[in-house]
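Below is one structure, written out as structure tokens; the observations come after it.
Since the model is a prediction, treat every value here as computed from it, not as a measurement.
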Amino acid sequence: MYAIQPIFKERIWGGRRLEALFQFELPEGQIGECWTASARASGRTHFLDGPDQGKTLDELWRTKRTELFGDYLLDAFPLHVKLLDSSAYLSVQVHPNDEEARRLEGEPYGKNECWYILEAAPEAEIILGHNLQSRDALLRCAQEKDWETSLRHQKVKPGEFYYIPSGTIHALGPGVVLLEIQQMSDRTYRLYDYDRLGDDGKPRELHVEKAIAVTTIPDEPWTNQSETIVKEGGVMTKLLQVPSFTVIRHEVSGRYALHDHPVFRLLTVIDGQGEARQGNRVIPLQKGNQFFVPRRSEDYEISGSVTFVTSEVFLD
């Protein structure tokens with residue numbers, strides 16, 4: 001288990017709450033995103049300790065894939081994990097699936113994602129899905145900016161989990177801090193952006209034609225089918241298992257074992273504090289920490305009062 005150095009990104013809708021919630025030393029500005037595990041060229045996270053200290057995820061994916069990650073045939077490291085802080089609405093947007101990303105952009109992967117709500121102001125909401133029955137209706141909605149009754153608004157509270165498969169229209173509202181786990185692509189098609197201006201003083205770019213082409217119509221709401229298992233020292237809840245990723249929440253209240261595993265895992269501490277032991281090695285765990293757990297590593301004994309989320313990609 002090796003610590004990962006986060007990367008911070010300023011966003012037009014960002015804020016400063018990540019500083020207080022996770023004791024991060026934020027750069028100046030409206031920090032909307034903390035990339036806790038990234039192999040993107042626009043922000044590659046690196047290891048803070050261990051035998052590969054200073055190296056990045058994508059570098060190790062190229063040089064030690066089988067040893068550290070698993071017997072994957074994927075072209076690139078498959079996951080991207082980040083913390084989001086919204087002080088305003090994000091754009092109303094949609095993402096392509098893998099096939100659409102290849103066809104429309106010449107890119108290997110689309111974007112499925114999921115949200116775990118960490119903090120939510122009273123009346124905070126997200127937009128998730130729509131009520132439209134045809135692409136013509138979606139086009140008219142975009143042209144007339146008639147979004148109020150066409151989109152599904154969902155009040156949110158801490159501890160809730162939402163899966164947002166490609167093709168789902170969505171937006172994050174103000175007053176929310178969340179953990180996002182997604183495919184590594186960030187190909188985003190904006191349908192509406194509240195007529196905001198970018199840094200250049202011009203309206204931010206929309207991608208209406210492509211957005212309409214990839215939107216799922218009629219909408220197919222996701223049904224939460226989480227599975228909870230009581231274990232010695234805590235509770236494990238499988239929040240989601242789809243081909244793109246598997247997401248599990250671990251709530252530790254005593255001595256809890258994180259067992260040897262055939263593929264890598266990313267581990268994000270979302271609440272509390274504790275420690276992980278492997279032999280004589282002791283690793284402090286506190287809210288906001290991100291770790292890489294190599295495949296076939298020896299068992300870890302985790303103790304304290306701490307909640308963390310693991311994400312992984314199962315082999316076919």
Look at the side chain of N97 and the backbone N and O of S166, then say whether any donor-acceptor pair between them is shorter than 3.5 Å. no
With a 3.5 Å distance limit and no angle check, can you tell me whether S297 reaches the backbone of R295 through a side-chain donor-acceptor pair? no
Check the pair I181 / V309 against side chain to side chain contact (heavy atoms under 4.5 Å, CB included), numbers first and verdict last. CA-CA 10 Å; I181 297 167; V309 172; 4.0 Å; yes
Counting C-beta onward and ignoring hydrogens, is there a side-chain heavy-atom pair between L191 and L206 closer than 4.5 Å? no
Do the non-hydrogen side-chain atoms of I31 and R11 ever get within less than 4.5 Å of each other? no
Do the ring planes of H170 and H95 sit parallel (below 30°), tilted (30 to 60°) or perpendicular (above 60°)? tilted
Contacts satisfying ring-ring contact (aromatic ring centres under 6.0 Å, His included) that involve residues 15-34 (not counting sequence neighbours) are F8-F24, F22-F24
Could you tell me if D98 and Q183 have a donor-acceptor pair between their side chains, going purely by distance under 3.5 Å? yes
What one should report as the nearest heavy-atom pair of V94 and G167 is CG2-C, 3.4 Å
Does Q5 reach the main-chain N or O of H46 with its side chain, forming a donor-acceptor pair under 3.5 Å? no
Given side chains that start at C-beta, do those of T66 and K64 come closer than 4.5 Å, heavy atoms only? no
Are side-chain heavy atoms of V214 and L104 found at a separation under 4.5 Å? yes
Any salt bridge linking E99 with R102? Criterion: basic side-chain nitrogen under 4.0 Å from a carboxylate oxygen. no
Note: Y163 and V242 closest approach over all heavy atoms is OH-CG2, 3.9 Å
Please walk me through it: do T237 and E227 pass side chain to side chain contact (heavy atoms under 4.5 Å, CB included)? CA-CA 5 Å; T237 303; E227 176 187 0; over 6 Å; no
Just by modelled atom types, is the V313 backbone N or O under 3.5 Å from a matching donor or acceptor in the Y72 side chain? yes
Would you name the heavy atoms of C34 and L18 that are closest together and state the gap between them? CB-CD1, 3.9 Å
For the student: nearest non-hydrogen atoms of S87 and G15, plus distance: OG-N, 4.3 Å
Got a donor-acceptor contact below 3.5 angstrom from the S38 side chain to the W35 backbone? no
Using a 6.0 Å cut-off, check whether atom CD of Q273 has over 12 heavy atoms from anything other than its own residue. no
For atom CD of E301, is the number of surrounding heavy atoms from other residues, nucleotides or ligands below 6.0 Å larger than 12? yes
Can you check ring-ring contact (aromatic ring centres under 6.0 Å, His included) on Y194 and Y192, steps first, answer last? CA-CA 6 Å; Y194 307 92; Y192 180 56; 4.9 Å; yes
Taking atom CD of E209 as the centre, report whether more than 12 heavy atoms of other residues, nucleotides or ligands fall under 6.0 Å from it. no
Shortest non-hydrogen contact from A37 to I4? CB-CD1, 4.2 Å
Okay, side chain of R44, backbone of K55: is any donor-acceptor separation there less than 3.5 Å? no
Mind checking ring pair (Phe, Tyr, Trp, His ring centres under 6.0 Å) for Y116 and listing every partner two or more places apart, or none if nothing turns up? none
For the side chain of N224 and the backbone of S226, is there at least one donor-acceptor N/O pair under 3.5 Å apart? yes
Using a cut-off of 6.0 Å, state whether more than 12 heavy atoms not belonging to R255 lie near its atom CZ. no
What class does the angle between the rings of F264 and F77 fall in, given that below 30° is parallel, 30 to 60° is tilted and above 60° is perpendicular? tilted
Using only atom types and a distance under 3.5 Å, with no angle test, would you say the side chain of Q182 pairs donor to acceptor with the backbone of S185? yes
Could you walk me through whether Y2 and L48 pass the side chain to side chain contact (heavy atoms under 4.5 Å, CB included) test, one step at a time? CA-CA 7 Å; Y2 304 114; L48 286 169; over 6 Å; no
Decide whether T56 and D58 meet the rule of one side-chain donor and one side-chain acceptor closer than 3.5 Å. yes
Do the side chains of R65 and D71 get close enough for a salt bridge, i.e. N-O under 4.0 angstrom? no
Given the rule in the ring-ring contact (aromatic ring centres under 6.0 Å, His included) test, do Y300 and F291 qualify, once you have shown the distances and angles that lead to the verdict? CA-CA 13 Å; Y300 289 88; F291 297 94; 9.1 Å; no
Have Y109 and E107 got a donor and an acceptor in their side chains that come within less than 3.5 Å? no
I'd like to check L138 versus T215 (side-chain heavy atoms, cut-off strictly below 4.5 Å). Are they in contact? yes
For a 4.5 angstrom cut-off between non-hydrogen side-chain atoms, does Q133 reach P218? yes
Within the structure provided, determine whether Q93 and I169 are in side-chain contact (heavy-atom separation under 4.5 Å). no
Counting only heavy atoms from other residues, nucleotides and ligands, does the tally under 6.0 Å from CG of L73 exceed 12? no
R190 side chain vs E205 backbone, donor-acceptor pair below 3.5 Å: yes
Any side-chain heavy-atom pair of V230 and M236 under 4.5 Å: no
Give a yes or no answer on whether the side chain of D271 reaches the backbone of T307 with a donor-acceptor pair at less than 3.5 Å. no
For W115 and F161, run ring-ring contact (aromatic ring centres under 6.0 Å, His included): C-alpha distance rounded to whole Å, both residues' side-chain angles, the deciding distance at 0.1 Å, then the answer. CA-CA 6 Å; W115 291 348; F161 179 83; over 10 Å; no
Exactly one of K157, K287, R17 clears salt bridge (charged side-chain N to carboxylate O under 4.0 Å, His left out) with E119, and that residue is R17
Taking every heavy atom of A276 against every heavy atom of I302, the minimum-distance pair comes out as CB-CG1, 3.9 Å
